[in-house]
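In the text below, chain A, chain B and the rest are named by the order of the sequence lines, each starting its count at 1.
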Protein chains: 2
Amino acid sequence: MTPKRASISDIAKELKLAVSTVSRALSGHSRISEATRQRVWQLAEQLDYQPNHLAAALRKGRSNTLGVILPNIDGHFFALVMKGAEAVANQAGFNVMLCQSNEDHAHEAKNVETLMNAQVDGILVSLARNTHDFKHFEKAKQRNLPLVFFDRILDGSEVSAVVVDDQRGGYEITRHLLAQGRRRIAHFGGPQHLNIYKDRYAGYRQALEEAGVPLEEELVVLCHDMSLDDGAAGIRQLLALPQPPDAIFSSGDFTAVGALQALKEHRLRVPQDVALAGFGNETFSSLTEPKLTTIDQRCEEMGGSAIRLLLEMIQNHAQPSTPRKIVLRPELLTRASTG
Amino acid sequence: MTPKRASISDIAKELKLAVSTVSRALSGHSRISEATRQRVWQLAEQLDYQPNHLAAALRKGRSNTLGVILPNIDGHFFALVMKGAEAVANQAGFNVMLCQSNEDHAHEAKNVETLMNAQVDGILVSLARNTHDFKHFEKAKQRNLPLVFFDRILDGSEVSAVVVDDQRGGYEITRHLLAQGRRRIAHFGGPQHLNIYKDRYAGYRQALEEAGVPLEEELVVLCHDMSLDDGAAGIRQLLALPQPPDAIFSSGDFTAVGALQALKEHRLRVPQDVALAGFGNETFSSLTEPKLTTIDQRCEEMGGSAIRLLLEMIQNHAQPSTPRKIVLRPELLTRASTG
DNA sequence: TTGAAAGCGCTAACAA
DNA sequence: TTGTTAGCGCTTTCAA
């Protein structure tokens with residue numbers, strides 16, 4: 001029924017050679033006569049030989065496959081990271097196995113196991129929102145399986161990681177608002193156990209402090225899931241203040257857009273009455289009216305760098321090096337929403 | 001250095017059993033005494049035994065891995081499809097290997113080969129924009145490797161596929177515009193060699209015809225890549241007409257938003273002066289002002305259905321059934337942009 | 001119910 | 001330069 005695919009031993013038989021010879025000829029080994037190499041390649045082509053990676057992987061103990069665990073794949077950020085990651089991996093001859101944790105700790109733990117069973121040579125991961133510990137990675141670490149985190153990492157864990165300098169992003173965007181003459185700058189922050197949101201908040205505080213503008217607790221709104229609704233709710237809360245803000249830095253673009261819509265409903269003009277900035281450079285951030293000032297996180301670059309780091313660790317597998325951390329510089333995109 | 005992971009034979013040795021017995025015990029075989037099953041599982045747990053899928057795959061000739069080829073992974077549609085696909089695959093105990101063709105035919109051909117070498121049990125694919133033939137899938141088909149296409153398919157090819165009823169989508173959205181009293185309805189169409197754009201255009205024509213509204217050639221604008229710019233250019237072209245349209249159905253949301261922006265620049269009100277509808281339900285389509293009427297394509301469902309179909313084909317691998325085509329019903333989302 | 005043995009397709013050490 | 005052989009870890013007959 002199914003035409004049996006040609007194997008190395010088929011070629012060997014046909015050519016009356018040893019399988020090892022054929023294997024060497026195919027893998028471009030040096031100690032092989034030009035004549036046999038030719039014959040082997042020719043027959044391989046003719047039989048449409050396709051190497052069986054599974055067998056090679058089993059034998060070599062390397063699958064040439066990388067695992068990637070993402071909280072989700074819809075959504076701009078992770079999709080772009082994945083794009084960068086896959087490109088670099090493929091270039092290096094590695095396949096990529098994708099798992100989604102669906103923002104769930106338990107699911108994430110299962111993903112790790114799945115990927116280990118699949119014998120991936122390394123794992124790239126961004127943590128689920130409700131992951132607070134490192135337990136489910138310990139097994140992988142014990143096995144000396146290369147592990148790289150990106151974006152959402154666990155503070156204090158001894159692992160390699162690629163992140164964008166979130167604090168700098170928060171700092172630059174706040175400074176930009178200050179430079180526009182704003183003084184009552186509110187902040188929409190995300191869950192503070194996640195490094196990214198903590199750092200963005202820290203950047204905000206740093207900029208204020210440097211400018212000698214006191215931090216007003218009442219202007220800081222911590223959101224749950226950085227949704228549109230969070231933004232609208234935040235606006236309601238802020239407008240109820242005796243002295244509302246004249247600018248808002250939101251740690252996420254969705255929340256910023258939610259805020260934008262709410263502000264419009266309250267007949268407040270952006271940026272004249274309130275300047276508004278987001279974070280993340282989502283697709284839609286350049287489609288709102290006014291267009292949203294935001295921070296670009298170098299998503300593709302992040303994915304690419306992370307995979308490169310992972311590949312490096314796989315190559316140097318012998319000596320488990322000390323964890324490395326790559327910090328990318330975020331890019332401030334000033335647009336109409338901040339005047 | 002790396003702690004060697006426990007294998008079946010390790011367990012066998014320790015327990016003085018045959019590897020075959022241990023294998024059966026672990027895989028829940030029936031003909032096994034309860035006592036040994038217990039002993040085996042206990043030791044497996046203790047040694048933290050993790051099955052080596054590679055070895056099992058090699059032996060069984062099934063890798064429990066599916067390949068997915070997408071034109072790209074950024075962008076709402078494919079990301080959501082992937083989400084649905086991955087979820088269903090995982091549920092069924094399959095891993096997913098992701099490849100991006102980057103909208104390039106040659107790259108796509110290479111992806112097919114890569115996945116075949118990786119011994120995937122089936123491939124799910126949506127065609128690159130510049131793919132016009134089926135050659136690079138022939139090899140897979142000859143090998144009887146289950147193949148499912150989705151969304152972007154090749155007309156006339158004998159393969160299983162999951163698509164959304166694009167014609168119905170175009171039809172419903174045009175009927176909706178007609179119901180709003182619009183009569184000069186323009187259309188932004190995409191590359192007509194792609195089934196999706198051809199069908200949306202066909203739905204448009206069908207609705208006009210049924211309503212007895214003649215098709216005006218001058219109101220049909222064919223775009224290259226359905227970008228924002230295409231939308232803006234389209235508007236310029238349409239507004240130069242002696243009699244501009246009172247409604248526009250764009251085959252894509254991006255183009256629709258480009259049109260929206262251009263219309264605003266020309267001080268035309270949406271929907272009062274021109275009603276505007278897109279296609280695809282991109283995230284941003286509900287964030288524009290006014291919100292965009294559009295068509296939801298059931299992305300996640302499409303991915304899930306496609307994988308289910310693929311799994312079915314893998315199960316029934318013995319008798320290669322006739323190709324099946326699943327057609328999902330699109331959902332019209334009427335929002336403010338059409339009044 | 002358990003065991004022995006073969007083999008999936010490939011690579012790599014050792015021998016010739 | 002080529003061949004022989006062992007074995008990666010697992011499943012699956014066949015035999016006991």
Applying a 4.0 Å non-hydrogen cut-off, can you work out what B:Ile8 is touching in the nucleic acid: base, sugar-phosphate, or nothing? sugar-phosphate

Check this for me: does the side-chain of A:Ser20 come within 3.5 Å of the base of D:dT4 through a donor and an acceptor? yes

Nucleotide nearest A:Arg59 (side chain, heavy atoms from C-beta), chosen from D:dC10, D:dT12, C:dT11: C:dT11

Just checking B:Thr36: base, sugar-phosphate only, or nothing, at a heavy-atom cut-off of under 4.0 Å? sugar-phosphate

Using a cut-off of 4.0 Å on non-hydrogen atoms, how would the nucleic acid contact of B:Ser23 be classed: base, sugar-phosphate, or nothing? base

Considering every strand and a 4.0 Å limit on heavy-atom distances, what is the contact class for B:Ser33: base, sugar-phosphate, or nothing? sugar-phosphate

Could a donor-acceptor pair under 3.5 angstrom be found where the side chain of A:Arg24 meets the base of D:dG3? yes

Among D:dC10, C:dC10, C:dT11, find the nucleotide with the atom closest to the side chain of B:Tyr49. D:dC10

C:dG3 C1' sits how many Å from B:Lys13 NZ, rounded? 16 Å

Please report, rounded to the nearest Å, how far the P atom of D:dG9 is from the CE atom of A:Met116. 14 Å

Measure CG/A:Leu26 against P/C:dG9 and give the value in whole Å, please. 15 Å

Are more than 12 heavy atoms from other residues, nucleotides or ligands located less than 6.0 Å from atom NZ of B:Lys110? no

Can you tell which of D:dG9, D:dT2, C:dT1 lies closest to the side chain of B:Arg31? C:dT1

I need the minimum non-hydrogen distance between B:Met97 and B:Ala118, along with the two atoms involved. SD-CB, 3.9 Å

Whole Å only: how far is the CG atom of B:Leu47 from the P atom of D:dG9? 14 Å

Tell me the interatomic distance from A:Ile11, atom CD1, to D:dG3, atom P, rounded to whole angstroms. 14 Å

So what does A:Leu17 touch, heavy atoms closer than 4.0 Å: a base, only the sugar-phosphate, or nothing? sugar-phosphate

Whole-Å distance between D:dG3 C1' and A:Ile32 CD1? 11 Å

Please check: side-chain N/O of B:Asp151 versus main-chain N/O of B:Ser126, any donor-acceptor pairing under 3.5 Å? no

Can you give me the closest heavy-atom contact between A:Ser160 and A:Pro323, atom names plus distance? OG-CA, 3.5 Å

Result for 5'-nearest mapping on DNA chain C, choosing between A:Val19 and B:Lys16, is B:Lys16

Round to a whole Å and report the spacing from CG of A:Leu54 to P of C:dC8. 14 Å

Is it true that, when you exclude B:Gln91 itself, more than 12 heavy atoms of the residues, nucleotides or ligands shown sit nearer than 6.0 Å to its CD? no

Closest approach to the side chain of B:Ala56, judged atom by atom: which nucleotide of C:dT11, D:dC10, C:dC10 is it? D:dC10

Take atom CG of B:Leu58 and atom C1' of D:dG7, then tell me their distance rounded to the nearest Å. 12 Å

